[in-house]
Amino acid sequence: MPNTILVGAQWGDEGKGKVIDVLTAQSDVIVRFQGGSNAGHTVIADGKKYVLHLIPSGILHAGKQCVIGNGVVMDPFDLITEIGILRAEGIEIDGRLLISDRTHMVMRWHRALDAADEARRCEKTKIGTTGRGIGPAYGAKMGRTGLRVGDMLSPHFLDAVRGQSDAANEILASWGAPVLDVDEMVKVYRQAAETLKPYIADTVAYINEADRKGKSILLEGAQGTMLDIDFGTYPFVTSSNPTSGGACTGSGLSPRRIDRVVGVIKCYTTRVGSGPFPTELKDETGEHLRQKGGEFGATTGRPRRCGWFDAVVGRYSAMVNGVDFWAMTKLDVLDEQPVIKICTAYLRDDGVRYESFPADTSVLDRCVPVYEEMPGWMQPTSKITRYEDLPLKARVYVERLVELIGGRLGILSVGPARETTLRTGL
Ligand code: GDP
C-alpha cells in the first residue's frame, strides 16, 4: 500500500478535506504535518457536515489512526474543543488520536501577540493573519523558545507558562494592547495538560513503525503551495511549509518512504486575505464563482477572492511538490460560464513574459495575465458519476488544464459530497 503526500496546489481551500476523506479509505494512518487551527477542512460524510481544524479527517473513518505531526502548531484549547465536538457526534477518539510530543504549542500569548501585531499594522502591511497565534508560535519554534506538547509532561511546564506569559505581557503593554492574567494562564494550562496527556506520544517512532509493518500512511497538508513560507507569495504566506518537503520534516517519515504526491487543485483560483493574485476577478464573474462555489472561509467566514485558473501557479506547484496525480475540484462551479479563461503566462508592460512564478511579486503589479479562452459546457455536472459521462467541453477543459501543468489526473470532483468524486486513476 502506498505512502501518499497530499498538498494544496494553490492558495489553500482547494477542497483538500474531501480528497483526503476519499484517500483515507486506502490508508491506515493519517498524519497532519503542518499548520495550525487556522486551517479548516470541510468534509461532508453521510450527509453530515464536519469542519476539522487540527484533527485529520481520517477520524471520521472508523478504525483509522490519526496523528497530529511534529510540524503542526497546536493550540491545546482548540484541540480540546475539537475532541469534544467529535465525541458529542459519537465519534470514537481514544486510542485513535496521537499528538506528537515534538509538536509546538500555540499559547494564549501567541494569539494575543498575533492580534496586537496585526492591529498595529497599516492597511498596506497587514498580512491577513487569522489572529490565531500561528505566526508567533512558529516564530517561537524557530527562535528556540517554543513550548512543545511533550513539555506538558514536565514538572517545570507551569513555571515556563508563568515566565513566558510575563515576558509576553511586557511586549503587549509596550504596544498598548491588553495584557494577560498570568495566574489564569497557569490554571488553564494545568487543566489542558491533564486533559491532553493520554494522547501524547513519540509519533516519529509510531509512524516509522507503522511504515515498517507495511501500513499505508497518508500525510495531509493544510493551506497551499502559494502560502508556503519559502515558495509562496512572501510575505503574504503562512508560517510553515505546506509543500511536499514539509510533509517529511513535519512527520519524521523519510522522503525515501514516499510513493506518490497528490496535488489538490481547484478548476479556478481563490485566495483569502491580502497578497498577489494575478487572475483575480473583481467583477460579477468573480462574485458568481464566490456564491456558487461557497467561497467563504471554513474557519473565519471571510469571503475568498476568486479568479480564473492560473496555469503558472499550477506548473510551479507541480514542480515544487513533484505532483504525480492531480485531484481537481469544483468543476461544477464553472457549469454556468459561457466562456472560461485559463491564464498561461504573465506579461509585463515592457514585454517580458513570465512562465514561472516570480519570487519578487512586486513585478506582478506591472503584469497582466495572458489568457486562452475555452467555450463553457453550460450544463450541470454535479450529478455525473463517471468521467466519460461529462460534457465533452468539460473534459476538454480539464484535459487542457492537465496538459498545461503536467502530471496526471487522479480525481475529479464535481460537488461537495463524497459521491461526487470521479476517480480516474487513484
Ligand atoms: P480545504 O481547506 O482545502 O479542505 O478546503 P475547504 O474545506 O475550506 O473548502 C472546500 C469547500 O468546497 C467545502 O465546503 C467542500 O465541501 C466544497 N467542495 C469540495 N469539493 C467540491 C466540488 O467539487 N464542488 C463543490 N461545489 N464544492 C466542493
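This structure is a prediction, so every number in the text was calculated from the model and none was measured. Indexing begins at 1, ligand by ligand and atom by atom, following the structure's order. Along the sequence shown, residues carry numbers from 1.
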- Any donor-acceptor pair under 3.5 Å linking the side chain of Arg386 with the backbone of Leu390?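 No: the side chain of Arg386 does not pair with the backbone of Leu390.
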- Message: Checking the side chain of Tyr346 only, and the main-chain atoms of Pro358 only, is there a donor and an acceptor separated by less than 3.5 Å?
- Response: no
- Query: Heavy-atom distance to atom 22 (C) of ligand 1: which of Ala417, Gly415, Ser57, Gly8 wins?
  - Reply: Gly415
- Task: For the residue pair Phe231 and Tyr316, categorise the inter-ring angle as parallel (less than 30°), tilted (30 to 60°) or perpendicular (more than 60°).
- Result: perpendicular
Are any of the N/O atoms on [X], whether in the backbone or the side chain, positioned under 3.5 angstrom from an N/O atom of ligand 1?
| X | value |
| --- | --- |
| Lys292 | no |
| Leu331 | no |
| Lys330 | yes |
| Gly12 | no |
| Gly15 | yes |
| Thr329 | no |

Classify the contact between [X] and ligand 1 as side chain, backbone, both or neither, using a heavy-atom distance cut-off of under 4.0 Å.
| X | answer |
| --- | --- |
| Asp332 | side chain |
| Lys49 | neither |
| Thr420 | neither |

- Message: Check contact between Arg304 and ligand 1, using heavy atoms of the residue and a distance below 4.0 angstrom.
- Response: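 Within the 4.0 Å threshold, so yes.
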- Task: Run the numbers for me: atoms of ligand 1, each under 4.0 Å from some heavy atom of Ser413, listed by number.
- Result: 20 (N), 21 (C), 22 (C), 23 (O)
- Item | Lys16: numbered ligand 1 atoms lying under 4.0 Å from its heavy atoms |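 Within the 4.0 Å cut-off of Lys16, ligand 1 contributes 1 (P), 2 (O), 3 (O), 4 (O).
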- Query: Do Tyr189 and Phe77 have ring centroids that are under 6.0 Å from one another?
  - Reply: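 Judged by ring-centre distance (under 6.0 Å), Phe77 and Tyr189 do meet the cut-off.
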Assess whether a salt bridge exists between [X] and [Y], defined as any Lys/Arg side-chain N lying under 4.0 Å from an Asp/Glu carboxylate O.
| X | Y | result |
| --- | --- | --- |
| Arg304 | Glu295 | yes |
| Arg305 | Glu280 | yes |
| Asp75 | Arg108 | no |

- Give, for atom OG of Ser382 and atom NZ of Lys330, the distance between the pair rounded to the nearest 0.5 Å.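 The NZ atom of Lys330 is 13.0 Å from OG of Ser382, to the nearest 0.5 Å.
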- Query: Are any non-hydrogen side-chain atoms of Leu401 and Trp326 less than 4.5 angstrom apart?
  - Reply: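 They are not in contact (no side-chain heavy atoms under 4.5 Å apart), so the answer is no.
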